[in-house]
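These notes concern the structure reproduced below.
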Amino acid sequence: MLCCAVSALSAQTSGEAQPAEAAPMPSALVSAFAGDWFSFDPASSQGGATCSVSLQTAIGSGEATAEATGCAAPLDTVTAWRIEDGQIRLAASAGDVVSLGGTQFRISGAFADGDRTLILERAAGGGDTAAIREAVGEYRCLFFGFTSECAEEDDLRQPVFDANGQARIETVVNLNARSQPRGDASVSGVIPTGSTVVVDECLTATDGLWCRANFGDQDAWFRRTALREGTWPILTFRAAPPA
């Protein structure tokens with residue numbers, strides 16, 4: 001998926017496509033995406049530290065330097081970054097590590113060495129993070145779907161993955177399936193309330209848990225925490241019992 005913010009900024013800074021491997025990165029893009037990014041998912045961290053990736057602002061060729069701190073492999077090998085084909089590409093000496101798209105507040109994408117996914121965010125999160133935090137703090141509750149009842153502790157447990165790397169979730173609302181684990185990503189469909197979905201990856205972000213299901217050649221991402229009518233924090237799915 002092309003990065004919406006990167007694509008939009010590219011249109012402002014250049015009237016025609018430039019070969020990424022030869023042209024310097026436009027200064028507007030460097031300013032927008034440089035700085036510190038964080039992964040709040042435990043699988044991305046090493047030694048209990050929060051994984052952070054610093055993208056430097058030096059411009060000269062088609063790349064700038066990058067540094068990963070407290071990150072697990074292969075993210076710990078990252079030494080450079082560039083913008084190519086509308087995506088942020090983090091690279092090591094051996095080649096690209098991960099390609100990411102999104103906004104100046106949150107980017108996500110797949111690692112080059114497999115089908116794992118990475119979410120990087122600014123320290124304060126991105127998208128709906130602040131609104132969800134404020135709503136949960138005000139109501140001291142995650143409402144169970146569209147009901148007036150708070151979700152119980154059992155509803156909030158993490159999905160359990162089996163030996164095949166799969167887990168099951170049950171939707172408690174009509175749930176949007178998105179192309180990436182970001183609130184700004186395109187919606188590819190809606191899963192009806194009460195559906196059981198087999199997922200193969202779950203990631204923790206500042207706006208809660210996201211889980212991925214595969215439908216043929218298409219991935220679908222589901223967010224467990226959302227705002228109903230922009231006000232009430234709700235639980236959208238819960239872990240289902242193993243098959």
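- Scanning all heavy atoms of the two residues, the minimum distance from Ala226 to Thr236 falls at CB-CG2, 3.9 Å.
- No more than 12 heavy-atom neighbours from other residues, nucleotides or ligands sit within 6.0 angstrom of CD on Glu152.
- Summarising the geometry of Val172 relative to Leu235, their closest heavy-atom pair is CG2-O, 3.0 Å, with the distance given to 0.1 Å.
- Residues Ile234 and Leu227 fail the side-chain proximity criterion, which asks for heavy atoms closer than 4.5 Å.
- Atom CG of Asp162 is separated from atom CZ of Arg168 by 10.0 Å, given to the nearest 0.5 angstrom.
- Connection of Val197 to Leu203 is not established within any shared hydrophobic cluster, with ILVMFWY side chains joined at heavy-atom distances below 4.5 Å, either directly or through further cluster members.
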How far apart are the C-alpha atoms of Arg82 and Asp96, what are their side-chain angles, what is the distance that settles it, and do they pass the salt bridge (Lys or Arg N to Asp or Glu O under 4.0 Å) test?
CA-CA 10 Å; Arg82 69 186 188 280; Asp96 288 352; 2.8 Å; yes

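- In this structure, the separation between OG1 on Thr129 and CZ on Phe105 is 11.0 Å, given to the nearest 0.5 Å.
- Residue Gln158 comes nearest to Arg224 through the heavy atom pair OE1-NH2, 3.3 Å, listed as atom of the first residue, atom of the second, then distance.
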Using the salt bridge (Lys or Arg N to Asp or Glu O under 4.0 Å) rule, take Asp128 and Arg223 through it: C-alpha gap first, then chi angles, then the decisive distance, then the call.
CA-CA 11 Å; Asp128 298 330; Arg223 181 168 62 183; 3.2 Å; yes

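- Val53 and Val97 end up in the same hydrophobic cluster when Ile, Leu, Val, Met, Phe, Trp and Tyr side chains are linked at under 4.5 Å.
- Rounded to the nearest 0.5 angstrom, Leu100 CG and Arg106 CZ are separated by 12.0 Å.
- When all heavy atoms are compared, the tightest approach of Ala43 to Ala72 is O-CB, 3.8 Å.
- The minimum heavy-atom distance between Phe40 and Glu121, with the atom names listed, is CD1-OE2, 3.6 Å.
- Although no hydrogens or angles enter the test, the distance criterion places no donor-acceptor pair under 3.5 Å between the side chain of Glu170 and the main chain of Ala239.
- Linking ILVMFWY residues whenever their side-chain heavy atoms come closer than 4.5 Å, directly or via other members, leaves Val198 and Trp210 in distinct clusters.
- Shown here for Ser99 and Gln87, the closest heavy-atom pair between the two residues is CB-OE1, 3.4 Å.
- Atoms CG and CG, on Leu120 and Asp36 in that order, are 11.0 Å from each other to the nearest 0.5 Å.
- A single hydrophobic cluster is not seen to contain both Phe38 and Ile88; linkage of ILVMFWY side chains at heavy-atom distances under 4.5 Å, directly or through other members, places them apart.
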Taking it one step at a time, do Asp184 and Arg178 satisfy salt bridge (Lys or Arg N to Asp or Glu O under 4.0 Å)?
CA-CA 9 Å; Asp184 65 291; Arg178 295 188 179 273; over 6 Å; no

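- The one candidate from Ser108, Ser45, Ser44, Ser52 that meets the side chain to side chain donor-acceptor pair (under 3.5 Å) condition with Ser39 is Ser44.
- Here Asp207 does not pair with Arg133 in a salt bridge; the nearest charged N to carboxylate O distance is not below 4.0 Å.
- Note on Trp37: it clusters hydrophobically with Ile83, by side-chain heavy-atom contacts below 4.5 Å among ILVMFWY residues.
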